[in-house]
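Note on naming: letters A, B, ... go to the chains in the order of the sequence lines (proteins, then strands), and numbering restarts at 1 for each one. The basis for the numbers below is simple: all heavy atoms, side chains too, and nothing from hydrogens, waters or symmetry mates.
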There are 2 protein chains.
Amino acid sequence: MTTRPRSTAGAGPARGRRRSSHSLDAVLDATVQLLDEAGGAALTFRSLAARLRTGVGTIYWYVASKEELLDRATDHALGPVLEAIDAVPEGEDPIDDLRRMAIVLFDAIVERPWLSAYFMRSMEIQVTSLRLYERLGRPTLRMDLTPRQRFHAVSAVTGFAVGTAADLGQEPPEAMLDDGADRDELLHRYADRWRALDADDYPFVHDIVDEFDGHDDVDQFRAGLELILAGLRLEAAG
Amino acid sequence: MTTRPRSTAGAGPARGRRRSSHSLDAVLDATVQLLDEAGGAALTFRSLAARLRTGVGTIYWYVASKEELLDRATDHALGPVLEAIDAVPEGEDPIDDLRRMAIVLFDAIVERPWLSAYFMRSMEIQVTSLRLYERLGRPTLRMDLTPRQRFHAVSAVTGFAVGTAADLGQEPPEAMLDDGADRDELLHRYADRWRALDADDYPFVHDIVDEFDGHDDVDQFRAGLELILAGLRLEAAG
DNA sequence: ACCTGAACACCGTTCAAGT
DNA sequence: ACCTGAACACCGTTCAAGT
């Protein structure tokens, strides 16, 4: 919508020599820092400008909007994740490789929940996302699958990893945090409420409540991932 | 944090006779309407108050914060979904039942993407979410699984459905919508860009690009769901 | 070419004042 | 018990003015 030259691709300080006191990289570094320190809600142009010791307007030289800032910051932070995934050695079993990569991706997003919101959103800005997708998909090339099956399988694995990690990253509703309760305490409180429900109305909830109470999110992710991978193995064998 | 009595559970117009010109239900109806019409970003207390023909302050009589408003609106909108899931008849194969329910849930969220953000966030406010979870889980009681396996399986299915639907619900980045391009056009544009990439660097992307181009999101979800269900069937058979 | 910060048009939330 | 809307403390974004 805006026609200012600095909002077009390739403009800004990216091309040409740089005389500026800041740089896109510096802006993104500071953005990632703020995001890590206080989460997505705390990132404002004012706080970012303060950290960079400039005026708010300066940021708009490097980035056309907050959306673009977050797109770029996400891609920026995905760099090390791509490296970690590249470091996964090719093994005998392609499914083992896929599992390893999915876990690396999942762990990265759990550590930085704000990543999930913009991950793979803009393929033009986010080159790293596409590279990640490529790496995750490569093991499936060694399996006896159609392109369509590969596409669906890799999308399912990444979608499940990102979706699950995003869910975990959500901080619990404020109402539950009035007192200084930690995660285990919250789970336990919910569990007790579930146990108080009528067992005839909630047979499933009663069946699993002990598993829910104190459960580890990582276990939950891995179990779901195993189901997908088992289904995939079956598909390739058929 | 606030100590106003109306923010505590059970306060407000919920208990006692109602003489008010509005009601929590009316507020939630209007909220859902606005959400449907214009998406999560368009919902403001001012627009909601305008629709209800009141002042902004009035809404705070029924709800302590925007967070609570969205929690309650989500639960409110989940009512019909629960009914639809209850209408799924119990069949021979529990996995078929689970599949049907998952698809109902998925479809509901695709239709109302804003649901995903608050789904299952607050178990105290969202009674309907818990009921949904119960229904989704019931088929697994008829399968030869441990409670832990059930817990993991149902969490995986709901997580995958909600996560995938949420992803689809994201509107594409503004930069891609400059002209009046529709979804197919966007997919096609991305696909062409992918085809232009070096085939040696991106073998997987090249392998699946024709599947990506013009793909149907629902197919993608169903394929992933089948992988999970196949894995689950295997687990129950083992 | 890059930076600045006041100004604009919004937000969610509060609260004294009304009925 | 319920409603009102001005006021407060924020936002993202713009832009004339600086170097």
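In this structure a side-chain-to-backbone donor-acceptor pair under 3.5 Å is present from B:H206 to B:Y202. At distances below 3.5 Å, at least one donor-acceptor pair connects side-chain atoms of A:S116 with backbone N or O atoms of A:P113. With A:E211 contributing its side chain and B:F151 its backbone, the two residues share no donor-acceptor pair below 3.5 Å. At least one donor-acceptor pair closer than 3.5 Å links the side chain of B:S47 to the backbone N or O of B:T44.
Among the nucleotides D:dT4, C:dA6, C:dT4, the one closest to the side chain of A:V56 is C:dA6. For B:K66, the side-chain atoms get nearest to C:dG12 when compared with the rest of D:dG5, D:dC3, C:dG12. In this structure, of C:dG5, C:dA1, D:dG12, it is D:dG12 that holds the atom nearest to the side chain of A:F45.
What separates CG of A:L48 from P of D:dC10 is a distance of 18 Å, to the nearest Å. C:dA1 atom P lies 13 Å from atom OH of A:Y62, rounded to whole Å. Residue A:Y60 contributes atom OH, which lies 17 Å from atom C1' of D:dA16 at whole-angstrom precision. Taking atom CZ of A:R46 as the reference point, atom C1' of D:dG12 lies 7 Å away to the nearest angstrom. In this structure, B:I59 atom CD1 and C:dG12 atom C1' are separated by 10 Å, rounded to whole Å.
Phosphate proximity of D:dC3 to B:T54: absent, as no side-chain N or O sits under 4.0 Å from OP1 or OP2. When the side-chain nitrogen and oxygen atoms of A:W61 are compared with OP1 and OP2 of C:dC2, one or more of them lie within a distance under 4.0 Å.
Remark: aromatic rings of A:W194 and A:F212 are close, center separation under 6.0 Å.
Heavy atoms from other residues, nucleotides or ligands lying under 6.0 Å from CZ of B:R222 number 12 at most.
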Give DNA chain C the dot-bracket treatment, 5' to 3': Watson-Crick (N1-N3 with N6-O4 or O6-N4) or G-U (N1-O2, O6-N3) under 3.5 Å, [ ] crossing, | other strand.
||.|||||...|||||.||
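Annotation: C:dA17 and D:dC2 have their P atoms spaced 22 Å apart (nearest Å).
Side-chain N/O atoms of A:D29 and A:H76 include a donor and acceptor closer than 3.5 Å. A donor and an acceptor atom, one from each side chain of B:H215 and B:D217, are located under 3.5 Å apart.
The stretch residues 30-44 of chain B comes close to DNA chain C through B:L43, B:T44, each having a heavy atom under 4.0 Å from the strand.
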Before giving the answer on salt bridge (Lys or Arg N to Asp or Glu O under 4.0 Å), spell out for B:D192 and B:R189 the whole-Å C-alpha distance, their side-chain angles and the decisive distance to 0.1 Å.
CA-CA 5 Å; B:D192 275 345; B:R189 223 177 281 177; over 6 Å; no
